[in-house]
Amino acid sequence: MITFAIVLSIVLLFVILFLLFRIGTLASIFRGSSERAPGTTKTSNRVNSTLLLLFLVGGGAAFIWSFADSWEGMNLPVASVHGTWTDSLFWTTMIVIGIVFAITQVLLFYYSYKYQHKDNKRAYYYPHNNKLEIIWTMIPAVVMALLVFAGWKTWTKITSAAPESAVVVEVMGKQFNWMVRYPGQDGQLGVSKTTLIDATNEFGIDFSDPSAKDDFIPNQIHVPVGKPVLLKIRSRDVIHSVFLPHFRLKMDAVPGMPTSFWFVPTKTTAEMRTETGNPDFNYELACAELCGRGHFAMRFMLVVDEPAEYEAWLAEQKPFVEQNPGVMAKFATEAPQDLALDAKPGEKAEEDKTEL
């Protein structure tokens with residue numbers, strides 16, 4: 001492969017040197033320092049126009065081959081409701097753009113061949129046509145307006161408020177891993193504060209808040225199929241980005257500015273293993289933001305269960321305070337109002353932001 005690249009580079013270098021020589025010759029003709037005899041450019045024009053036509057055919061064939069060969073790799077199976085909307089919008093746009101691209105490129109190279117310079121031909125002088133300019137201005141404008149309107153409708157549906165019945169999962173990014181918190185049986189996430197973050201309480205959960213007592217922190221995300229899931233996203237250091245490609249889900253995790261995204265999974269992990277033929281398939285939460293040296297380690301598993309399986313998994317989870325009874329010592333010695341008094345003015349705003 002390296003040998004082929006070296007040979008190709010040498011060939012291209014000679015082509016460039018030859019073209020520079022030709023440009024120098026043509027420039028001298030235009031300056032009047034030399035004259036061009038009739039017919040001297042006939043061969044080179046024919047060769048160049050033929051090469052352009054061959055480039056169209058060869059390049060088009062290579063494009064179609066690469067597109068078909070990469071089809072499965074760049075089209076992951078979709079597994080969410082809004083992912084289907086996103087794919088539909090994407091491919092509609094691609095088809096429209098692809099048709100325009102194919103027509104313009106075919107005409108560009110074909111006309112370069114057809115209208116190559118010949119000494120006995122003169123170009124037709126056609127300076128202006130108002131009707132033609134109106135047509136080729138209005139058609140792209142209308143098509144673009146329709147695409148923008150369709151995109152706005154889809155984006156409005158995707159970013160609408162999550163249903164009240166949505167399963168709530170808090171996702172927090174930090175250098176360099178994801179952490180996940182569930183609200184427990186009360187359905188309410190406890191308040192968190194950056195000042196309470198330590199080696200054990202990495203979320204900074206304020207356990208003086210009664211809602212925090214049943215919060216649990218699993219090592220995998222589990223969600224039920226067919227039910228809405230609301231991700232409450234935040235970061236505790238730099239900008240990360242929650243990326244679940246099979247759900248067409250991507251949302252930045254920004255320090256000090258919690259974000260959210262809700263979706264409805266449509267295929268369980270078991271169904272995806274059957275569909276992909278991969279018994280080891282797992283949905284993966286990755287980071288789509290280059291967040292530092294250990295960015296590659298930002299990986300977390302997500303399992304889509306049948307509703308009964310999800311309920312069984314939920315019943316097995318133990319609250320964080322039961323697994324780490326030591327974290328309650330601090331809150332047992334300090335009254336809740338003391339913690340509030342200790343808080344700086346900016347911390348209240350942080351608390352409010354965590355309640356999306």
Side-chain angles (χ1 to χ4, degrees), residues 159-174 178-198 200-224 226-236 242 249 251 253-265 285 300 302-305 307 310-332 334-343 346-356:
T159 56
S160 61
E164 292 185 359
S165 60
V167 174
V168 176
V169 182
E170 183 183 37
V171 179
M172 185 169 78
K174 74 177 183 69
W178 297 105
M179 293 183 296
V180 172
R181 179 168 63 131
Y182 280 70
Q185 293 182 349
D186 63 359
Q188 297 289 326
L189 286 170
V191 172
S192 60
K193 298 177 180 177
T194 55
T195 53
L196 297 177
I197 292 175
D198 57 32
T200 304
N201 185 9
E202 295 196 86
F203 270 93
I205 304 171
D206 182 356
F207 289 104
S208 64
D209 178 8
S211 300
K213 299 290 177 57
D214 59 351
D215 291 359
F216 64 92
I217 302 175
N219 55 14
Q220 283 186 335
I221 302 174
H222 279 250
V223 294
K227 294 188 176 181
V229 178
L230 171 61
L231 299 184
K232 293 187 173 183
I233 303 164
R234 62 191 179 105
S235 169
R236 83 177 203 187
V242 172
L249 189 161
M251 178 57 73
V254 184
M257 190 177 73
T259 53
S260 65
F261 201 107
W262 75 276
F263 66 103
V264 180
L285 165 60
F300 208 82
L302 186 148
V303 180
V304 180
D305 296 316
Y310 172 72
E311 293 298 330
W313 174 83
L314 207 57
E316 295 174 354
Q317 304 308 307
K318 294 182 179 179
F320 184 74
V321 292
E322 288 187 17
Q323 295 179 317
N324 301 274
V327 299
M328 289 302 295
K330 179 178 181 181
F331 300 93
E334 296 183 45
Q337 59 269 28
D338 294 333
L339 288 173
L341 289 173
D342 289 342
E347 294 171 354
K348 183 63 170 64
E350 180 66 18
E351 290 177 29
D352 292 339
K353 288 176 183 176
T354 60
E355 298 298 329
L356 295 175

Checklist entry - Are Leu231 and Met251 close enough, and set up right, to give a side-chain contact (heavy atoms from CB on, under 4.5 Å), and what steps lead you there? => result CA-CA 10 Å; Leu231 299 184; Met251 178 57 73; over 6 Å; no
Is the backbone of [Y] close enough, under 3.5 Å, to the side chain of [X] for a donor and an acceptor to pair up by distance?
X      : Y      : result
Arg236 : Gly204 : no
Trp262 : Ser160 : yes
Asp206 : Val191 : no
Asp209 : Ala212 : no
Gln317 : Trp313 : yes

Checklist entry - Would Leu249 and Val242 count as a side-chain contact (heavy atoms from CB on, under 4.5 Å) if you check the C-alpha gap in whole Å, the side-chain angles of each, and the deciding distance to 0.1 Å? => result CA-CA 8 Å; Leu249 189 161; Val242 172; 3.9 Å; yes
Between [X] and [Y], which heavy-atom pair has the shortest distance, and what is it?
X      : Y      : answer
Val303 : Gln220 : CG2-OE1, 3.8 Å
Pro265 : Val223 : CG-CG2, 4.2 Å
Tyr310 : Asp305 : N-CB, 3.7 Å

Rounded to the nearest 0.5 Å, how far apart are [atom1] of [X] and [atom2] of [Y]?
X      : Y      : atom1 : atom2 : answer
Lys318 : Asp214 : NZ    : CG    : 15.5 Å
Phe320 : Glu202 : CZ    : CD    : 8.0 Å
Glu170 : Ile217 : CD    : CD1   : 9.0 Å
Glu164 : Leu230 : CD    : CG    : 12.0 Å
Thr200 : Asn324 : OG1   : CG    : 6.0 Å

Next on the checklist: Evaluate Lys174 against Met179 for side-chain contact (heavy atoms from CB on, under 4.5 Å), listing each step before the verdict.
Outcome noted: CA-CA 8 Å; Lys174 74 177 183 69; Met179 293 183 296; 3.6 Å; yes
Checklist entry - More than 12 foreign heavy atoms under 6.0 Å from CD of Gln185: is that the case here? => result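 Open.
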Is there a side-chain contact between [X] and [Y] (heavy atoms, below 4.5 Å)?
X      : Y      : result
Pro224 : Val167 : yes
Leu189 : Pro183 : yes
Phe203 : Met172 : yes
Val171 : Lys232 : no

Next on the checklist: Set out, in order, the CA-CA distance, both residues' side-chain angles and the distance that settles side-chain contact (heavy atoms from CB on, under 4.5 Å) for Leu196 and Ile205, then state yes or no.
Outcome noted: CA-CA 7 Å; Leu196 297 177; Ile205 304 171; over 6 Å; no
Item to check | Candidates Ile221, Leu285, Val180 - the one meeting side-chain contact (heavy atoms from CB on, under 4.5 Å) with Leu302 | outcome: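 Single side-chain contact (heavy atoms from CB on, under 4.5 Å) partner of Leu302 among Ile221, Leu285, Val180: Ile221.
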Next on the checklist: We want to know whether Arg234 and Ser192 form a side-chain donor-acceptor pair, criterion being a heavy-atom distance below 3.5 angstrom.
Outcome noted: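 Yes, because at least one side-chain N or O of Arg234 sits under 3.5 Å from a partner of the opposite role on Ser192.
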Checklist entry - Do Phe216 and Tyr182 make the cut of ring centroids closer than 6.0 angstrom? => result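 Here the rings of Tyr182 and Phe216 have centres that are less than 6.0 Å from each other.
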